[in-house]
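Okay, structure first, notes after.
The structure presented is a predicted model; accordingly, all values stated were derived computationally and were not measured.
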Protein chains: 2
Amino acid sequence: MPNNFYEKAKELIRHTGYRVTHNRLRTLAILLAEQYALTHREIEERLNVKEHLDRVTLYRVLEWLSKNNLVHKIAGDDRVWRFRVNMELHSHQHAHFICTRCTKVICLNNFRIKSNPSLPLGYLFHEVELTVKGVCAECV
Amino acid sequence: MPNNFYEKAKELIRHTGYRVTHNRLRTLAILLAEQYALTHREIEERLNVKEHLDRVTLYRVLEWLSKNNLVHKIAGDDRVWRFRVNMELHSHQHAHFICTRCTKVICLNNFRIKSNPSLPLGYLFHEVELTVKGVCAECV
DNA sequence: AATAATATGCAACTTAGTTGCATTTAATTA
DNA sequence: TAATTAAATGCAACTAAGTTGCATATTATT
């Protein structure tokens, strides 16, 4: 497994100051290698079967990566979380594209979202999330 | 149960040309009475316990209402569908607000979303969904 | 090498939503 | 108004994502 992404993952996780575990490394390496957001299931499929990783542990690893701002979670219409690595350029105020055929999710980084929308009286703004639905190039 | 909302529901469902059933009427009446989007669970709680409605039937009723454009579905971060009645003024190109404390969803009708965003080559645009996250007035 | 806190694996559980099928009901026709 | 029939309903069983508790293993520190 050790490859460029694994080394990059090591750097990123070490930088958090918390424990550098093999499961965190290989999970993050898989996400670093992908251009789009992956589900728990898709990550499991990409894991080396020889080194077993428990379902529950993977959930906890993803939760940990998310809490430590190394990845972000995207809620899809299929009630499944998708995970995408956070790039430097990749602010939290960005848009997602969901393909309604294959349910794949990609991030639209070139998208501008004006924040601080006008909400009803007494409401507190936190963040805005924009999802574009359509059909991706492979599914057209 | 028969009330203003029930009569309004009757009018709307009759207008579709399909079968006018008691379960469709009372489900739609509940949604017509609410200012925000309800989950399957919340609708169940509002149903008259004396006239039992099966869980599965409610799922199918909601699906039917949605397909016939009487309500629309909103995907939340808690993997739960929420349903909101479609008003005339209430186009599909509108924004939703999700309270991160109580997970309540309201529709922001005064929100303008410019459609037809620029997507990667070969991608087909369908619709855009904007979700604002924050804390509602009751939870502040 | 001993330690202490944290991560992991396993089993069992929860919750939203779905499927198949027999029965009932709304709307149509005789 | 009764007979018909296609669609709606209820029930049981199922699926799939994600969670909890607890014993065991591992990381990083002393």
Protein heavy-atom contacts under 4.0 Å, written 5' to 3' over nucleotides 2-10 of chain D as B (base), S (sugar-phosphate only) or - (none), form the string ----BBSBB
[X]: partners by side-chain hydrogen bond (donor to acceptor under 3.5 Å, both in side chains), with sequence neighbours left out:
{"X": "B/D78", "result": "B/R82"}
{"X": "A/T39", "result": "A/E42"}
{"X": "B/E44", "result": "none"}
{"X": "B/E34", "result": "B/R46"}

Whole-Å distance, A/L62 CG to C/dT8 C1', equals 14 Å
Atom CZ of A/R14 and atom C1' of D/dA28 are separated, to the nearest Å, by 13 Å
Partner set under side-chain contact (heavy atoms from CB on, under 4.5 Å) for [X], not counting sequence neighbours:
{"X": "B/R60", "answer": "B/V56"}
{"X": "A/T57", "answer": "A/N23, A/L53, A/D54, A/V61"}
{"X": "B/L28", "answer": "B/A9, B/L12, B/I13, B/L32, B/L65, B/L70, B/V71, B/V85"}

Protein and nucleotides 15-18 of chain D: nitrogen or oxygen contacts under 3.5 angstrom:
unit_1	atom_1	unit_2	atom_2	d
D/dA17	OP2	A/R41	NH2	2.8
D/dA17	O4'	B/R79	NH1	3.3
D/dA17	O3'	B/R79	NH1	3.4
D/dG18	OP1	A/W81	N	2.9
D/dG18	OP2	A/Y59	OH	3.3
D/dG18	N7	A/R55	NH2	3.1
D/dG18	O6	A/R55	NH2	3.0

If each end axis of the helix from C/dA1-D/dT30 to C/dA30-D/dT1 is fitted on five C1' pair positions, the angle between them, to 10 degrees, is 30°
Sorted by chain and residue number, the ring-ring contact (aromatic ring centres under 6.0 Å, His included) partners of A/F97 (sequence neighbours excluded) come out as B/Y123
ring-ring contact (aromatic ring centres under 6.0 Å, His included) pairs touching residues 31-56 of chain B, sequence neighbours excluded, are B/H40-B/Y59
